[in-house]
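Each ligand, and each atom within it, is numbered from 1 in the order the structure gives.
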Amino acid sequence: MNFSKLHGLGNDFIVIAGHHELPTDVDQLAIRLCNRFFGIGADGLVYILPSEQADFKMRIINSDGTEAEQCGNAIRCVSKYVYDHGLIDRTEITVETLGAGVQQVQLNLQDGKVSTVRVDMGQPILNGLQVPTTVDEAQVVHHPIEVDGREFHFTAVSMGNPHCVIYVEDAVNFDLAAWGPKLEVHPMFPRKVNVEFVTVRDRAYTDMRVWERGAGPTLACGTGACATLVSSVLNGLTDREATVSLKGGDLFIEWNEADNHVYMTGPAEEVYTGTIVK
Ligand SMILES: N[C@@H](CCC[C@H](N)C(=O)O)C(=O)O
């Protein structure tokens with residue numbers, strides 16, 4: 001079975017195309033292939049499948065074998081893959097996702113290859129029960145949450161997948177490993193949660209570090225960057241356009257007032273191709 005390895009700002013994926021559906025043991029396959037010592041190594045396994053509603057369908061399995069509804073960095077990687085490998089020759093394409101519907105994607109080329117991708121990530125979901133959280137409120141903004149005797153405040157945003165955004169003094173040096181895993185499985189989040197620790201530098205620039213549901217600490221998270229911008233607007237901390245700076249690099253995020261959609265722009269890179277022997 002052939003695969004390609006792509007990443008978006010260091011959030012890396014094993015990408016498999018040419019199949020019609022997910023294999024039945026895809027959870028075990030993801031765990032095995034994503035292992036950084038005994039496998040290829042990746043944050044997730046991504047399948048590009050045929051779609052009846054869009055040009056392609058994307059399915060993303062986290063490195064722990066659980067399936068995610070959406071992935072911002074993976075959708076940019078999928079978009080680069082299908083264009084650069086000649087599966088489509090348009091620079092405006094559509095990609096169906098499991099939890100965020102069909103997304104419109106614009107490909108920006110350099111020397112005939114995709115260099116950056118702008119994705120319409122759709123409307124954020126803010127209703128507490130729909131994110132989902134256990135908080136029955138129309139918006140969950142700066143809500144208290146206690147972990148091991150420490151109180152944080154979080155803002156809940158779903159971009160198809162659930163996020164909990166927490167403002168800290170120094171996101172870049174924050175002890176992700178101490179708090180991320182505990183917040184990920186906190187009972188306030190019935191489907192677990194991706195956790196973003198954020199420091200706002202000014203109204204157009206934030207630092208963010210992420211602990212991902214099902215994958216742990218990653219270098220970047222596209223949906224997490226979108227959730228960060230939405231949360232920062234709701235908390236009055238940034239304008240509706242900002243750079244979200246991650247460990248692996250920067251994403252530019254816009255939350256459009258007219259259509260309420262969030263737009264994400266960033267790079268995608270293919271780093272190698274290979275064959276899975278067993
Ligand atoms: N890295 C991603 C999100 C991947 C899925 C996530 N771990 C989840 O379980 O929701 C991104 O770039 O958005």
Side-chain angles (χ1 to χ4, degrees), residues 5-15 22 26-27 30-31 33-34 41-47 58-81 95 97-101 103 105 116-122 124-125 130-133 154 156-165 176 180-181 183-186 189-198 208-231 244-253 262-269:
K5 182 81 186 289
L6 286 93
H7 72 88
L9 300 177
N11 187 197
D12 57 345
F13 306 102
I14 300 157
V15 176
L22 290 183
V26 73
D27 50 345
I31 292 169
L33 297 182
C34 292
D43 294 323
L45 174 62
V46 172
Y47 274 78
M58 170 184 101
R59 299 281 291 268
I60 154 97
I61 318 298
N62 287 315
S63 54
D64 74 348
T66 56
E67 182 164 13
E69 305 87 340
Q70 168 60 312
C71 176
N73 287 323
I75 200 168
R76 296 201 315 280
C77 290
V78 164
S79 305
K80 177 175 175 63
Y81 182 96
V95 180
T97 61
L98 186 67
Q103 304 203 304
V105 179
T116 62
V117 180
R118 183 174 192 258
V119 186
D120 177 349
M121 298 288 286
I125 296 164
Q130 286 172 19
V131 169
T133 72
F154 74 97
V157 178
S158 168
M159 293 304 307
N161 58 347
H163 293 269
C164 136
V165 179
L176 267 185
L183 285 155
E184 177 190 355
V185 299
H186 193 285
F189 305 107
R191 290 216 309 268
K192 302 191 187 170
V193 79
N194 296 287
V195 191
E196 285 81 33
F197 298 99
V198 176
M208 186 268 266
R209 293 293 180 267
V210 63
W211 180 273
E212 282 195 35
R213 178 181 68 166
T218 62
L219 296 189
C221 179
T223 49
C226 295
T228 295
L229 189 269
V230 170
S231 163
V244 179
S245 179
L246 301 126
K247 199 165 187 179
D250 293 352
L251 287 172
F252 182 66
I253 314 291
V262 180
Y263 295 83
M264 170 194 65
T265 306
E269 282 189 50

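In the vicinity of G222, heavy-atom distances shorter than 4.0 Å reach the ligand 1 atoms 11 (C), 12 (O), 13 (O). Annotation for ligand 1: atoms under 4.0 Å from non-hydrogen atoms of A68 are 5 (C), 8 (C), 9 (O), 10 (O).
Across every non-hydrogen atom of L183 and F189, the tightest pair is O-CD1, 3.7 Å.
Between F13 and Y81, a ring centre-to-centre spacing not shorter than 6.0 Å is recorded.
For the pair N161 and ligand 1, the shortest N or O to N or O distance falls below 3.5 Å. Checking only distances, N62 does come within under 3.5 Å of ligand 1, N or O to N or O. The distance criterion of under 3.5 Å between nitrogen or oxygen atoms is met by G72 with respect to ligand 1. In terms of polar-atom proximity, defined here as any N/O pair under 3.5 Å, P162 makes no such contact with ligand 1.
Distance OG1/T66 to CZ/R213: 6.5 Å, rounded to 0.5 Å. A distance of 5.5 Å separates CG of D43 from OG1 of T218, quoted to the nearest 0.5 Å. Taking CD1 of I60 as the reference point, atom CG of L98 lies at 11.0 Å (rounded to 0.5 Å). Here L45 contributes atom CG and C34 contributes atom SG; the two are 5.5 Å apart, rounded to the nearest 0.5 Å. Between the CD atom of E212 and the CD atom of E184 there is a distance of 9.5 Å, given to the nearest 0.5 Å. With rounding to the nearest 0.5 Å, the separation of CG in L9 from CG in D250 is 7.5 Å.
Protein heavy atom in closest approach to atom 2 (C) of ligand 1: C71 SG, 3.0 Å. At the shortest separation from atom 3 (C) of ligand 1 among protein heavy atoms lies E212 OE1, 3.5 Å.
Residue-ligand proximity: H163 is placed with every non-hydrogen atom at 4.0 Å or more from ligand 1.
Residue K5 places its NZ atom among more than 12 non-hydrogen atoms of other residues, nucleotides or ligands, all under 6.0 Å distant.
If you look at N194 next to ligand 1, the close heavy atoms, those under 4.0 Å, all belong to the side chain. The proximity of Q70 to ligand 1, defined as any non-hydrogen pair under 4.0 Å, is limited to the backbone. Residue C221 touches ligand 1 through backbone and side chain together, judged by heavy-atom distances below 4.0 Å. Residue-level proximity to ligand 1 for N73 is carried by backbone and side chain together, each with a heavy atom below 4.0 angstrom.
Considering only non-hydrogen atoms, atom 13 (O) of ligand 1 lies nearest to T223 out of I75, T223, V210.
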